[in-house]
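Reckoned from all heavy atoms, side chains included, excluding hydrogens, waters and symmetry mates. Letters go in sequence order (proteins before strands), and every chain restarts at 1.
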Number of protein chains: 2
Amino acid sequence: MRSSDLPEVRDLQLFRSMSEERFAELMQAAYLQTFPAQLDLITEGDSADFLYVVVEGCVELYACWNERQATMGMVHPIGTFILAAVIKDAPFLMSARTLDKSKILLIPAEDVRHVFEADSDFARAIISELADCYRGMVKEHKDLKLRSAVERLANRLLGFEKEQGGTGELVLPYDKRKLASMLGMTPENLSRALNTLRPYGVDVDNNVVRLNDMAAVKTLAKPTALIDDKDT
Amino acid sequence: MRSSDLPEVRDLQLFRSMSEERFAELMQAAYLQTFPAQLDLITEGDSADFLYVVVEGCVELYACWNERQATMGMVHPIGTFILAAVIKDAPFLMSARTLDKSKILLIPAEDVRHVFEADSDFARAIISELADCYRGMVKEHKDLKLRSAVERLANRLLGFEKEQGGTGELVLPYDKRKLASMLGMTPENLSRALNTLRPYGVDVDNNVVRLNDMAAVKTLAKPTALIDDKDT
DNA sequence: CGTACCATTGATCACTATCAAGCTACGTGG
DNA sequence: CCACGTAGCTTGATAGTGATCAATGGTACG
């Protein structure tokens, strides 16, 4: 791998402030690989051999316990996952699988740890990334702990609508089945929750949702920056 | 504040690897203050002026939304909180209040950010701390998303029993009311959940719990390092 | 054209929250 | 020392929320 192959990766917040040499050192041992959809990349409990960077496609993070399974998050280009496990050299707490055919960069964990010991700019970038991950997880936790299923759904719809341009219309970015798991409910329940929202001007046509009465949805959803904003 | 005043703080993982000068620099502007019980220290949404270190006592982290409230975690000596907000210079996602009378060290956020820019050892220590916080939150989230209330309770009891010496007996470290909120349920429900566990050899006497049949509880609780272990 | 998978709906059940009442322990003030 | 109020815990009754099971219809893909 040469660094020139991946300007988008070089441009990641995480790598932007590194020196060219360090970046080259990291990339030298890295693999860029294309995986088919629905392929298991890592399994929780395994040890962290690589840092993963999603370059194309989409990766689902999920967790299992006692035959149950829950989606913990989605990773889109350009994003990394399992940074914390790599840093701590600790077992993964989550599993990951491709959702679509995906191009993924694998950076040996050893090298990441080595470079972060040597390059304090990289160390600072990691801090920023980890702090973001932490705050994201806190928000997810608040969402689940403080809201009902319908409230979570309404807020998520508002979020999708905003990030898709604020046209009052949105496309569900995943299967309803996946979406349900993300929201911490069953597919049947998601179906009913969408019906519950119809009186609030929410019209569903397959994976297209129209929000005809944003005010009503917001009154129900009560979105707040401290849970629903990606940044802040 | 002089650094010699607080050997325990100096011994924190977070500060251990700093040079004496850097540590002195941090401590110079810091306040060590004693607060009464039930005092609000920070409110979610506020901006991060200080990094907090609990030296004595106990602090509850909690979050609110739409008149609802949930305990997000507890901080015991010697532990820090809201590190991520300080680093990112972002608003708090959680509120904090003292549970008991508590001695707390307040380090100006400005200084923390300054020192972490200058001292790469400190930066690395922050990485380790943040990674721990992140992984802790992932575990909390898995716990809530994958388990029922009784399962969460059973696992928590096993955790308390282990950290209190593994004698088969444990003292509930908080009010049942708080414990319920930590576990994501109502006090009434906690009461009933404890009754549900009686057939599994769980005897409750006020805040003392005896586990007379560890095997039975474990069969129900199915504890796993990937959710229930503090380390790993 | 059939198979497989997803989404929806209905019926039912399990779990959790809410509301109300009563109990106990504790601290205060008479 | 006792009466009282307060707060925390428990229990019962009930309602609400979400999960499970089963059946159906639609759609994509081979």
Side-chain angles (χ1 to χ4, degrees), chain A residues 36-38 60 64-71 97 99-101 143-157 171-199 202-209 220-221, chain B residues 36-38 60 64-71 97 99-100 143-157 171-200 202-209 220-221:
Chain A
Q38 298 301 330
E60 176 193 7
C64 303
W65 180 79
N66 195 26
E67 312 297 299
R68 282 165 244 176
Q69 198 177 90
T71 299
R97 65 166 79 96
L99 277 191
D100 312 320
K101 181 168 175 246
D143 189 47
L144 187 61
K145 206 160 181 180
L146 289 166
R147 288 170 169 167
S148 72
V150 173
E151 288 164 346
R152 292 198 297 277
L153 172 61
N155 277 293
R156 202 63 66 115
L157 292 179
V171 179
L172 299 177
Y174 316 105
D175 280 359
K176 285 183 179 161
R177 167 170 296 276
K178 280 275 166 272
L179 188 59
S181 183
M182 288 176 62
L183 292 167
M185 52 176 140
T186 58
E188 295 95 327
N189 229 322
L190 172 58
S191 207
R192 291 179 178 117
L194 283 168
N195 287 335
T196 307
L197 290 178
R198 204 190 320 252
V202 177
D203 278 357
V204 182
D205 176 23
N206 288 314
N207 65 340
V208 177
V209 179
L220 169 73
Chain B
Q38 298 301 331
E60 176 192 8
C64 301
W65 181 79
N66 193 27
E67 312 297 299
R68 281 164 245 177
Q69 196 178 89
T71 299
R97 67 166 76 96
L99 277 191
D100 311 321
D143 189 48
L144 187 61
K145 207 160 182 182
L146 290 166
R147 287 171 170 165
S148 72
V150 173
E151 288 163 347
R152 292 197 297 277
L153 172 61
N155 277 293
R156 202 63 65 115
L157 292 179
V171 179
L172 299 176
Y174 317 105
D175 280 359
K176 284 181 179 162
R177 165 171 297 275
K178 281 274 166 273
L179 188 60
S181 183
M182 289 176 62
L183 293 167
M185 51 176 140
T186 58
E188 295 95 324
N189 228 324
L190 172 59
S191 206
R192 290 181 176 115
L194 283 168
N195 286 336
T196 307
L197 289 178
R198 206 192 316 256
Y200 297 84
V202 177
D203 279 356
V204 182
D205 176 22
N206 288 315
N207 65 341
V208 178
V209 180
L220 169 72

Pick from A/K178, A/K176, A/R177: which one makes a side chain to side chain contact (heavy atoms under 4.5 Å, CB included) with A/Y174?
A/K178
If the cut-off is 4.0 Å, is B/S191 near the phosphate of D/dC9, judged by side-chain N/O to OP1 or OP2?
no
note: A/Q69, atom CD; D/dT20, atom P; distance rounded to Å ~ 13 Å
I need the CE-C1' distance between A/M185 and D/dA19, as an integer number of Å.
13 Å
Within-4.5 Å side-chain heavy-atom neighbours: B/C64 and B/Q69:
yes
Got B/L194 and B/L153 here, is their nearest side-chain heavy-atom distance under 4.5 Å?
yes
Rounded to whole Å, how long is the line connecting atom CG of A/N189 with atom P of D/dC21?
15 Å
Figure out the CD/P separation between B/E188 and D/dG8, and round it to whole Å.
13 Å
Want to settle it: does A/R147 or A/N206 sit nearer the 5' end of DNA chain D, counting the closest nucleotide to each?
A/R147
Mind calculating the distance between CG (A/L190) and P (D/dA19) to the nearest angstrom?
11 Å
What integer distance in Å separates B/Y174:OH from D/dC9:P?
15 Å
Is B/K178 near enough to D/dG8 that one of its side-chain N or O atoms lies under 4.0 angstrom from OP1 or OP2?
no
Distance, rounded to the nearest Å, where A/E67 contributes CD and D/dA19 contributes P
18 Å
Taken to the nearest whole Å, CG/A/N66 to C1'/D/dA19 is 15 Å
Could you verify whether a donor N or O on one side chain and an acceptor N or O on the other, from B/N195 and B/R198, lie under 3.5 Å apart?
yes
State, with a plain yes or no, whether a side-chain heavy atom of B/L172 is found less than 4.5 Å away from one of B/V209.
yes
Heavy-atom check, side chain of B/M182 versus side chain of B/R156, under 4.5 Å:
yes
Can you figure out which of D/dA22, D/dG8, D/dG18 approaches the side chain of B/R177 most closely?
D/dG8
Is any side-chain heavy atom of A/L146 closer than 4.5 Å to a side-chain heavy atom of A/E151?
no
Contact boundaries on DNA chain C for chain A, cut-off under 4.0 Å to non-hydrogen atoms
C/dC6 to C/dA11
